[in-house]
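What you see is a predicted model; the values in this text were computed from it and never measured.
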Amino acid sequence: MPRHTVDGRQMLGARIILQALEEQGVEVVFGYPGGAVLPIYDEIFKQNRIRHILVRHEQGAVHAAEGYARSTGKVGVVLVTSGPGATNAVTGLTDALMDSIPVVCLTGQVPTHLIGNDAFQEADTIGITRPCTKHNYLVKDPNDLAKTVHEAFYVARSGRPGPVVVDLPKDVMMSEGTYVTAPRGIKRQQHKTYRPAHTPDPASIEAVVDLMVNAERPLFYTGGGVINAGPAASKTLTALVKDTGFPITSTLMGLGAYPASGPNWLGMVGMHGTYEANLAMHDCDVMINIGARFDDRVTGNLQHFSPNSKKVHVDIDQSSINKNVIVDIPVVGDAGVALTAITKAWKARKTRPKPKAMKAWWADIKKWMAKDCLDYTQAGPVIKPQYAIQRLFELTKNRKTYITTEVGQHQMWAAQFCRFDEPNRWLTSGGLGTMGYGLPAAIGAQLGNPKGLVVDIAGEASILMNIQELSTAVQYRLPVKVFIINNQYMGMVRQWQELLHGGRYSESYTDSLPDFVKLAEAYGMAGLRVEDPAKVDDTIKEMMAIDGPVIVDVRVDQKENCYPMIPSGAAHNHMILGPEDEEEKAITGDGLALV
Amino acid sequence: MSSNLYEGSVPMSVLKDTIVYRHTIAVLVDNEAGVLARVVGLFSGRGYNIESLTVSVVDEEAQLSRINLVTSGTRQIVEQIKAQLGRLVPVHTIKDLTDEGPSVGRDLALVKVDGVGEERIEALRIGDIFRCNVVDSTNGSFVFEVLGKSEKVDAFINLMKPLGLVEVSRTGVAAIARGAGGMVDEASLEPLPKPKPSAWPKTKSTPKRKTAEKKSAKKLSPKRKTAAKKAPTSSKKKR
Ligand SMILES: Cc1ncc(C[n+]2csc(CCOP(=O)(O)OP(=O)(O)O)c2C)c(N)n1
Ligand SMILES: [Mg+2]
C-alpha cells in the first residue's frame, strides 16, 4: 500500500504491526506462535509480503535474526509469545546486546487488564529484558503501535546497534487504532531524547593524525564497530591501512573488515590471537582502536596492557571509552565517518612517520611472524581439528561463503584459520559466548543470502544446545552445512581443566553423544562422517555438492589444545605458544580466579 | 611525540586519579513508566554506588522528571556512570552538579525522638540550634523536621542517637546548580549540549600531585574510602 493511503487510516492493532513491519522493509520474521500473539499470526496468514520462518525454539529465533542482521546489514526481526516465549528469547537478546546486533523482538503479552495478576503465561517481559536490550517498550494504546514499532527500528539500527523489545498486550492488538507512517527525511533523525553520536569532533581527528604522523611503532586495532558501520567503512579502513603502511589487527568481532589476505594483516588479537598481533599490541607506541572495546579477552592483564603506547579510541558509544582502558584521545562517533575524516586529515598532512622507524617496526613484526604461531602437524591416523578447519576454508574460499560458529575451541580455530577478506561473512557469538548460536545464525544468514554457502563450524557439545533448528533448516530447504568438530569433549573446558585444574576433567566429557549421521537422517537431511585425515577433502567436497542441509561429523583428536593462548591474568608478551611452553608458564595466583 | 594532546571532556591525568569522590548528578528524564527502574537497574547491574536518589515530576506539561543522584567513585567511574546514563533512551540531559560549577543541595529528614526529662529538653535544645521545626509532639516524643545539607542532617541525627532516637525518614538530596540558566532545554531537537569544559583540578605532573589533591579537596570535597564509613543512618541506600 502506498504511504499516503495508509497514513491516518484506522486498522486493527495486529494489522498496524504488520503494516509497520512492511514499511520498515522487513522481509523475514523469525518466530514461534502462542496464545498472546495469535492476532499477529492471523494477520501474517492474510498476507504474503512478509515471510515468517517458524523456528523450533525462541532462542533460535533471536540467533537466526542476529545471523540475518549480521550477514545483510538489515535489522533482524523476531516474533514470540508471552511468558515462556519471551523468557526463551532472553539469551538471544543478551547475545545481540553484547555484540551490538540490530534486532527488533516483538513479544506477546497478556491483555492489559490482566497485567500484574499472574495471568496464564504472564511474565514481566519489560522487567526481565530491561538489562538485556538497548531499549524496550510496552504498548498500551493501539494508537501508539505504529509509532512505537517505527521507533524500535530506529533505535535498534542507529548509533550502537542493539536489540529492542516491543511488548504487545493481546487486547491492544485486537483493538482498532490509527496507523501513522514513519517520519521521513530530517524528521527521521529526530527523537525526543535519543541522539546517537555520528560525526566526531574535528579537533579529535586532528589529534589522532598528529599521533599517526609522528608514530614509530603504530598499530590499528579494529573491531565490530567497523563492520557495523557498513561495508563502505571497511573499504575506507583498507585504503587507510594501505596509505599509511601501518600494521593492523582486529578483534574476533571485527574479522573481515580488513582483508586477511592484505599485506598488513597480523591476524586476530587476544587470548587466542596470533603471536605477532599480541606482541605488536604490547610493543606499539601508537594504538588506533577503531570500533573495538578493550574487552578483557583482548587486553589480558590490564596492568600490563600495551604499557608504552598512546591510545586512540574511536567508538560510537561514549560509555565504551575510558571504561576498561583510559585512552589519550577519545573520538566519539561512527567508525566509518571517523575513518573518512582521519583519511582526509592524513592526506592533508605533509609529515609522515620516519621510514627508518617504520622499517624497524616491520622488521620486529616479521620476526614475530616467523614464529609461525598457528603451526600444527597433521600426522598419524587422527584428524587434527585445525587441519579439518583449514581444509574447509581452502575448499570454500572461492565461494560466497558465510561462516558461523558455536562456542569453544572450534570457534577459536575457525577464527584463526578462516581468513576473511570481506565483512559480514563471519558470524560468531563474541561478547556472550553463547553455545548454540551457530546453527540458528546460519539459518538466518542463509535466508538473507540464498545464494551463499553457509557453514556452521560447530562443536559436538554446542550443537546439541539448539539442535532442534535442523528441523527449521529442513522445512525451508535451507542448505546450511553443519561441520561438527567432534572431539567428544567440551574442548575449551577440558583445555582449561588441563591447564588450570590439574587435569581433573570434571564433567567435560560428553558420554552418550548421538550418532550425528543418523540424527541428520532422522531430521530428513544428509549426514556424513569422516575419521581419516586422507578423506577430509573428499568429505568436504561431498558436503558442498549436496543441494540441501548436511551434517558432517568430523572425528578429531580429543586432546588437542588451542594455541597460542594468553593465560588469564597474564600480559600479551607472556603467551603460551604450544605444549612445550605450558610447564614454563603455568597459570597460578590471581589468574586462576579469572574467567 | 606531539605535545598538545586532545583531551576530550575530561583530561587523562584526571581520569587516572584514584581518589573516591562523591558526586551529585541531576538527570532529566521523560516521565514514562519504568524510567526509574532503568536508572536504578543500571546502578545495581554495574555495581555503582547509590547514596541517595530522589525523583519527581518537575514539568507536568512536558512530562519531565528529574532524578537527583548522589554517588561516589573514582573519576573514571563517575565519568562511566554519566556515560552509561547517557545511553538510556528516555534520558534528556545529565548534569554533574559537583563537577560543573557551584550548586546547592538540600536534604530533609523527619526525626522521631522519644524521651522524658533532661533528655527531652536536650533534644529540643539541639533541635533549636539546628533550626528544626517540631512538627509533632506528645508527652513522650517529638518529631523534628531538619533541613539542610546532608552533612547537617547527618550531624543532627547522630546527636539524637543518645537522646532517644527511634525513627528517621529522609528525602535524599534535591540539588540544583547556582546562577542563571537551567537544564530543561525545551526538549529541543538540537544535539545535546557537549559537557562543559570541566572544573577538574589539573593533576598533571606527579611531584605536584599532593598539593593538587589538597586543593581539590576543598573544591570538590573528596571522600576517601575510609571516610565513606560514616555512622549508618537509616535512610541511606547502599548497595
Ligand atoms: C550456553 C553456554 N554454556 C556453557 C558455556 C561454557 N563453555 C564454553 S566452551 C564450552 C565447551 C564447548 O564444547 P564444544 O561445543 O564441544 O566445543 P569445543 O571446545 O570442543 O570445540 C563450554 C561448556 C558456554 N559458552 N555457553
Ligand atoms: Mg567438543
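- Heavy atoms of other residues, nucleotides or ligands lying less than 6.0 angstrom from NZ of Lys152(B) number more than 12.
- For Lys311(A), the NZ atom counts as densely surrounded, since its 6.0 Å shell holds more than 12 non-hydrogen atoms of other residues, nucleotides or ligands.
- No donor-acceptor pair closer than 3.5 Å links the side chain of Ser319(A) to the backbone N or O of Gln80(B).
- Of the possible polar contacts, one joining the Gln76(B) side chain to the Lys323(A) backbone as a donor-acceptor pair under 3.5 Å is found.
- Within the 4.5 angstrom heavy-atom criterion, no atom of Val213(A) approaches chain B.
- Neither the backbone nor the side chain of Leu138(A) has a heavy atom closer than 4.5 Å to any heavy atom of chain B.
- Using modelled atom types, no side-chain atom of Glu79(B) and backbone atom of Asn322(A) make a donor-acceptor pair closer than 3.5 Å.
- Distance check: Lys310(A) NZ to Met12(B) CE gives 7.0 Å after rounding to the nearest 0.5 Å.
- Taking 4.5 Å as the limit, every side-chain heavy atom of Thr193(A) sits out of range of all side-chain heavy atoms of Val91(B).
- Side-chain atoms of Arg87(B) and Lys134(A), non-hydrogen and from C-beta on, never get closer than 4.5 Å to each other.
- Side-chain contact between Lys192(A) and His92(B): present, with at least one pair of heavy atoms (C-beta onward) separated by less than 4.5 Å.
- With respect to chain B, the highest number of heavy-atom pairs below 4.5 Å among Ile326(A), Asn136(A), Val327(A) belongs to Ile326(A).
- The most heavy-atom pairs under 4.5 Å with chain B, out of Val332(A), Asp317(A), Val331(A), come from Asp317(A).
- For the set Gly159(A), Pro131(A), Ala203(A), Ser320(A), the count of heavy-atom pairs under 4.5 angstrom toward chain B peaks at Ala203(A).
- In this structure, Ile115(A) places its CD1 atom where more than 12 heavy-atom neighbours from other residues, nucleotides or ligands lie under 6.0 Å away.
- Most heavy-atom pairs under 4.5 Å with chain A, from the set Gly41(B), Ala33(B), Ala37(B), Gly34(B): that is Ala37(B).
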